[in-house]
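These notes concern the structure reproduced below.
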Amino acid sequence: MSNVISAQPDSYLEFWAEYHLCTFTTLQPNGRLHVVPVGVTLDAAAGVARIITRKASRKVANVLAGGGEARVAVCQVDGGRWATLEGVAEICTDEAVVEDAVTRYGERYGRTPAPDPERVVLLTSVERATGQTLGARPQAAQAAA
């Protein structure tokens, strides 16, 4: 397991296994931040976060503008609990990697996206993991769990 992720409490990994939409932040060529909602899966053992998207997306364009690798952040929040992963993202088009990422997405979010020949994976090597994941979950989330 990646040192930065393994240094987090068990609640951190549990939080990343729950159903939450996240935000993905990249830097645009004009210097402005680009923040969009995404679904993310965390592979703690490999130290990577995966986002599936279309190759024509602004997220991909921003990573490409950084020479094919870009500094990024992924964040999720639920009440007072939050977690942020920072690292370097690269674009992966390998069919097996894309299929694996789609499967992982389906496991976390309870639905498998329709096939898309334009799909790619933004693969982020996690270099920093921060957050506060201890504390009570909101009542509605506890009742649904």
Side-chain angles (χ1 to χ4, degrees), residues 1-28 31-55 57-116 119-145:
M1 188 181 299
S2 169
N3 283 341
V4 297
I5 297 170
S6 63
Q8 299 298 321
D10 290 343
S11 63
Y12 197 82
L13 293 179
E14 292 166 5
F15 187 53
W16 279 103
E18 295 172 12
Y19 184 106
H20 295 288
L21 290 179
C22 304
T23 59
F24 184 66
T25 303
T26 57
L27 188 62
Q28 298 183 79
R32 293 181 182 265
L33 294 175
H34 180 251
V35 183
V36 293
V38 293
V40 177
T41 59
L42 175 62
D43 183 344
V48 299
R50 294 177 179 86
I51 297 169
I52 55 175
T53 189
R54 295 180 57 87
K55 65 175 95 174
S57 73
R58 167 53 48 198
K59 299 179 288 295
V60 168
N62 291 342
V63 171
L64 288 172
E69 291 187 347
R71 301 217 48 81
V72 301
V74 177
C75 185
Q76 69 179 18
V77 64
D78 180 38
R81 299 181 310 147
W82 63 276
T84 299
L85 304 171
E86 298 175 37
V88 176
E90 62 181 294
I91 301 159
C92 186
T93 59
D94 180 86
E95 194 173 311
V97 173
V98 172
E99 186 176 311
D100 177 58
V102 168
T103 298
R104 290 170 186 268
Y105 178 95
E107 290 168 358
R108 182 172 189 201
Y109 292 101
R111 69 172 193 85
T112 301
D116 184 348
R119 183 170 288 132
V120 297
V121 177
L122 288 166
L123 191 63
T124 300
S125 298
V126 178
E127 297 174 345
R128 185 169 186 236
T130 57
Q132 172 56 41
T133 56
L134 296 175
R137 293 170 65 187
Q139 291 291 25
Q142 289 178 3

Which atom pairs, donor and acceptor, lie under 3.5 Å between side-chain atoms of residues 82-97 and protein residues at least two apart or in another chain?
unit_1: E86; atom_1: OE2; unit_2: R128; atom_2: NH1; d: 2.9
unit_1: D94; atom_1: OD2; unit_2: A96; atom_2: N; d: 3.1
unit_1: D94; atom_1: OD2; unit_2: V97; atom_2: N; d: 3.1

**Prompt:** Rounded to the nearest 0.5 Å, how far does OH of Y19 lie from CD of Q76?
**Reply:** 11.5 Å
**Prompt:** Where do K55 and R119 land on the side chain to side chain contact (heavy atoms under 4.5 Å, CB included) test, with the steps shown first?
**Reply:** CA-CA 6 Å; K55 65 175 95 174; R119 183 170 288 132; over 6 Å; no
**Prompt:** At their closest point, which heavy atom of L122 faces which heavy atom of V63, and how far apart are they?
**Reply:** CD2-CG2, 3.9 Å
**Message:** To check you understand the geometry: which heavy-atom pair defines the closest contact between G39 and Y105, and what is its length?
**Reply:**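 The answer is CA-CE1, 4.0 Å.
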**Request:** Could you check S11 against W16 for side chain to side chain contact (heavy atoms under 4.5 Å, CB included), going step by step and ending with a plain yes or no?
**Result:** CA-CA 9 Å; S11 63; W16 279 103; over 6 Å; no
Expected output: side-chain [X] to main-chain [Y] donor-acceptor under 3.5 Å:
X   : Y    : result
Q8  : T133 : no
S57 : T53  : no
Y12 : T130 : yes

**Prompt:** Given R81 and E18, is the salt bridge (charged side-chain N to carboxylate O under 4.0 Å, His left out) satisfied, shown in steps?
**Reply:** CA-CA 12 Å; R81 299 181 310 147; E18 295 172 12; 2.7 Å; yes
Would you say [X] and [Y] make side-chain contact, with heavy atoms under 4.5 Å?
X    : Y    : answer
P9   : E14  : no
V36  : K59  : yes
L27  : L33  : yes
T112 : V102 : yes
H20  : R108 : yes
L13  : I5   : yes

**Asked** Is the count of non-hydrogen atoms from other residues, nucleotides or ligands lying under 6.0 Å from Q28 atom CD greater than 12?
**Response**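 For Q28, atom CD is crowded (more than 12 foreign heavy atoms under 6.0 Å).
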**Centroid-centroid distance, H34 to F24, less than 6.0 Å** =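 No.
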Show the atom names and distances, to 0.1 Å, of all donor-acceptor pairs under 3.5 Å that link a side chain in residues 40-52 to residues at least two apart or in another chain.
unit_1: D43; atom_1: OD1; unit_2: A45; atom_2: N; d: 3.3
unit_1: D43; atom_1: OD1; unit_2: A46; atom_2: N; d: 3.1
unit_1: D43; atom_1: OD2; unit_2: R50; atom_2: NH1; d: 3.4
unit_1: D43; atom_1: OD2; unit_2: R50; atom_2: NH2; d: 3.4
unit_1: D43; atom_1: OD2; unit_2: R104; atom_2: NH2; d: 3.3

